[in-house]
Structures are given as C-alpha cells and as structure tokens.
Amino acid sequence: MDEAELALFYDAPVFPPTSMEEELKQHWAYLDVRDALKSFRELFHFPESKNGAEPIYFTGNSLGLMPKKAREYVDQELEDWSRLAVEAHVNARHPWLPYHEFLTESIARVVGAQPIETVVMNSLTVNLHLLMVSFYKPEGERRCVVIERGAFPSDQYAVESQMRCHGLDPRECLIELAPRDGESTLRTSDIVEMIESRGDEIALVLLGGVNYYTGQAFEMKEITAAGHKAGAIVGFDLAHAAGNLKLEMHDWGVDFAVWCGYKYVNGGPGAVGGAFVHERHARSFDLCRLAGWWGHDKETRFLMGPEFKPLAGAEGWQISNPPILQMAALRASLEIFDEVGMDALRQKSLRLTGYLESLIRDIGDARISIITPSDPEQRGCQLSIRVSEGGKALHQKLVDHGAYCDWREPSVIRVAPAPLYNSFKDVERFSEILKQCLA
Ligand SMILES: Cc1ncc(COP(=O)(O)O)c(C=O)c1O
C-alpha cells in the first residue's frame, strides 16, 4: 500500500460520529470506496451461504478463510513429493528441511517479535505445554498460576495438568481473575492490583491476548510489567490476538506466547501454530525442556549423536519435523500479511468494528447487549453480543440468512469482521439481518 492510499485510509471517519458531516460519512459505500485494503478480499475463497445470497463471513475468529493461493502452494509441495520423493527435503522448490524458516520472519512481524523469538510449529495447546514445561517452575510459596476465570477450557486443562505433574493441587494454586459483580470484563487495574497483592505466590501469569468469549483484549504491556515486578513469568495465549491486534511481544517484554494458525492467521483447518520465546531466554539452555531432534543444532542434527544440543531461540523448542503441506497453506496466508502489514490491518479493523458496534447499538433492542469493551484499545475485531432470551434461535436465524457468526454457551453470539476480507457493506448487511431477525 503506498502513502497516498494510506492517507485516504486514515482519513476514514471514527465512530460514533461527532458531527452531521461525520454522520453522512457513515455509509458503507463511502467507507468501502475509501478502504485501502478492499482488494485483499479477492484473495480469499468465500463459502456458500445458507440462503444463496452473498455470504457474510464473520467467523474468522474460529476459522479464517482460505487464501486462493493456498491450493497452488500445497499443490507445489504435492508435485515435488511426487517428482522428487525423499530428495525434496533438499531439492524441492522450497526445500523441506528448512521449510519452517520460510515462515519465521513473516510470523515474527505478525506478533511483533524478532525472528529468533518465533517458530511455527505444532498446535496451540501442545506449544502451551512445551513452554510451561520450561517456564512454569513452582518453587516454595511461589507456585500459583493466574488465569482468567472463563479462560478457554484447553488452557485451563493444560495449566491444571501441569500443576498435577508438579504434585500440586490446582484448587490451591490456580488464581482466577473474575470481573466485578455486574461487569462482564476485567479491569486492568484489578488485574494489576491482584498481581501486586499476591505477588509472592505467583509463578506464572497466563492470560489470553483476547478473551475468546468476551472479545476483551488485555493490556499486555501493563500486565507483563506488573507480572515481572512481582517476580513472575508472563505468558499469553494469542489464539484470538495473532493476526488481529497490533502486537509487540518483544517490546512488551513478554516471556512466552503461543497461538494457533487457523483463526485470523488463515492457515487452514488444524493449521500449524506458533510460539514466541523472548530473546532474553534464547540461550537459556539449562531450562527444563522436552527435547526432540528438530530442536537440535542444525549443523550436527544428522550426525545422529546421542547428546541433545538445543538451537538458540524459539526454534530450540521444536520436537518433530514439521508438516510441509500445512505449512505450505500457511505460507500463502503469511504472504498476504506481509503485503498488508499489521498497522494498516489494525487501522481498518478499528473502523470496521467501530462501524459494526454503532449499527448494532442503533438497533436499540433491549434483548441484545455488547459485552466486549467499547474502548477500541481493549478489543480486536470481535464483538460478543449477549442475548437475554432466545439467543440460540437468533443465531440460527442469522445463519439461515447467510450470516456466518457463532454461538457460545451460555448466551453469546460472536461476530468478527476480519479486516483482511470483510467490507463495510458486510457490516451494514449484517446489522440489517440482525434487525430483521430480532423483529
Ligand atoms: C483461546 C484458545 N486457546 C486454545 C485453543 C486450543 O487450540 P488448539 O486446538 O490449537 O490447541 C483455542 C481454540 O480455539 C482457543 O480459542
């Protein structure tokens, strides 16, 4: 995107409007014309909708759309497999031995890291376990883990099982952060206060970058600083943050983070996830870790010696040789991220979600309320709409009208206009459908 395009883009209005003139600008056609990222929509396949109309795809927070290039890139690896078989490890157009390295710099840009701090590998919960083996080190009184109450269940299972492996009782060692009575999301000041007040007990602070249910984005910089001040390690589950927020994992000083590749990163079903380990731990070779040959020094890996010598940086946490076909699909997606850049993506996202929020509020139906923070700094593109009655049926109606969104028990419809491929028209159409379905 050149500067002139960006200038147009930054000129887009903010929500809610502050004047009549601004209000006139709040029309999807006006906004779409000025959307500097609109052409990226063409790079993705959209699914069919239930009613045959153009689909509205607001579930990129669950499974991102397929980049059209993914097929070509996967086909290329299949061809190289058929033509070269084992020799493709070295002679494929993208040789398989170093394949994950083709993705490192791009994914590092997505999460705001240095290349040595990131690696594309495994899936999220596996990576969470691998990094907790290294970074959750309960000792004496310092053995608690802070998580959100209502964290994604897999995180909770992972944390509790790690505690049991250390001979600890999760009922004593899990500190769950809950919103105040009558509130749906956490206040940063409450999180920080809790970390300060129980600092001596905390071994690890482990939060989502964005809570999957409420859509709240946590203020990771402040939380990391508070965790470190208390002497704890700080990690984040970026499942709903990678490819969604402008992240600065390195600058914020986060110790470790993990994410999946199938949501906003658009790497495909079961896509390879990733891990971040801050540079200051890059050469901490004495950390406890589960070792495997792909984490071993590349120069001597094929000497097949018995002694494990970990690679420096995040790569040292790899265990097995990677799934090339999955990585090929991910490569297609990361090329798009390289072209767009997280700054521009986030700028569009702020406007797209702001627009959606204002249109939903305009519906003015008391049965629905948005529980995601209204402060744009505390959310990504997702809005979570709490429905006081008949939520599941309402969700089904939306789907039947061609709007992809999802239902999360007990009472929330999640809608996520992903800025890479959603338009302001999508947002407008969604709010119209929502209004009709409520009527
Ligand atoms: C916040 C969060 N954490 C963890 C997971 C689990 O991911 P995986 O199945 O890749 O381990 C998900 C999956 O949707 C998630 O949303």
Side-chain angles (χ1 to χ4, degrees), residues 58-65 100 103 107 110-111 118-133 135-136 145-162 174 176-177 185-186 204-218 220 223 234-245 247 249 254 256-276 290 317-320 322-323 326-327 329-330 333 371-372 378-384 404-409 412-416 418:
F58 281 0
T59 38
N61 56 343
S62 183
L63 181 73
L65 290 182
H100 72 275
L103 310 175
I107 201 72
V110 169
V111 299
T118 55
V119 65
V120 167
M121 63 177 187
N122 311 315
S123 44
L124 190 154
T125 313
V126 173
N127 289 336
L128 183 56
H129 273 299
L130 294 179
L131 294 183
M132 276 200 285
V133 163
F135 292 106
Y136 174 47
V145 180
V146 178
I147 63 169
E148 316 123 81
R149 192 178 73 193
F152 194 82
S154 199
D155 293 15
Q156 180 128 6
Y157 306 153
V159 169
E160 292 191 7
S161 63
Q162 291 266 340
L174 202 62
E176 294 182 83
L177 293 162
T185 52
L186 290 160
L204 172 65
V205 177
L206 180 71
L207 300 182
V210 174
N211 181 278
Y212 82 100
Y213 188 80
T214 64
Q216 178 179 19
F218 292 109
M220 292 180 250
I223 293 168
V234 181
F236 288 98
D237 169 349
L238 301 178
H240 288 262
N244 179 17
L245 297 178
L247 299 168
M249 287 293 114
V254 173
F256 72 88
V258 291
W259 57 90
C260 54
Y262 42 80
K263 298 180 188 293
Y264 300 109
V265 180
N266 307 319
V272 198
F276 163 89
L290 298 182
W317 272 267
Q318 294 173 107
I319 293 189
S320 299
Q326 284 290 2
M327 287 198 170
L330 185 56
S333 169
I371 59 167
T372 308
Q378 291 193 57
R379 67 184 185 205
C381 68
Q382 174 184 324
L383 293 181
S384 299
Y404 284 80
C405 51
D406 66 19
W407 169 253
R408 284 290 172 268
E409 295 290 350
V412 156
I413 292 172
R414 302 187 306 176
V415 286

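All values below were derived from every heavy atom in this structure, side-chain atoms included, with hydrogens, water molecules and symmetry-related copies excluded. First listed ligand is number 1; within each ligand, the first listed atom is number 1.
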* Asked: Looking only at atom types and distance, does a side-chain atom of Asp237 sit under 3.5 Å from a main-chain N or O of Asp155, one as donor and one as acceptor?
  -> no

* Are Ser384 and Gln382 close enough, and set up right, to give a side-chain hydrogen bond (donor to acceptor under 3.5 Å, both in side chains), and what steps lead you there? -> CA-CA 6 Å; Ser384 299; Gln382 174 184 324; 2.9 Å; yes

For residues 261-274, which side-chain N or O atoms pair as donor and acceptor with protein atoms under 3.5 Å away, sequence neighbours left out?
from: Lys263; atom 1: NZ; to: Asn61; atom 2: O; distance (Å): 3.3
from: Asn266; atom 1: ND2; to: Tyr264; atom 2: O; distance (Å): 3.3

* Structure fact -> Sorted by chain and residue number, the residues having a heavy atom closer than 4.0 Å to an atom of ligand 1 are Ser123, Leu124, Thr125, Phe152, Asp155, Asp237, Ala239, His240, Tyr262, Lys263

* Asked: What distance separates Ile223 CD1 from Leu206 CG, expressed to the nearest 0.5 Å?
  -> 11.5 Å

* Measuring from Phe236:CZ to Leu207:CG, what's the distance to the nearest 0.5 Å? -> 5.5 Å

* Asked: For residues Thr125 and Ser154, is any side-chain donor paired with an opposing acceptor at under 3.5 Å?
  -> yes

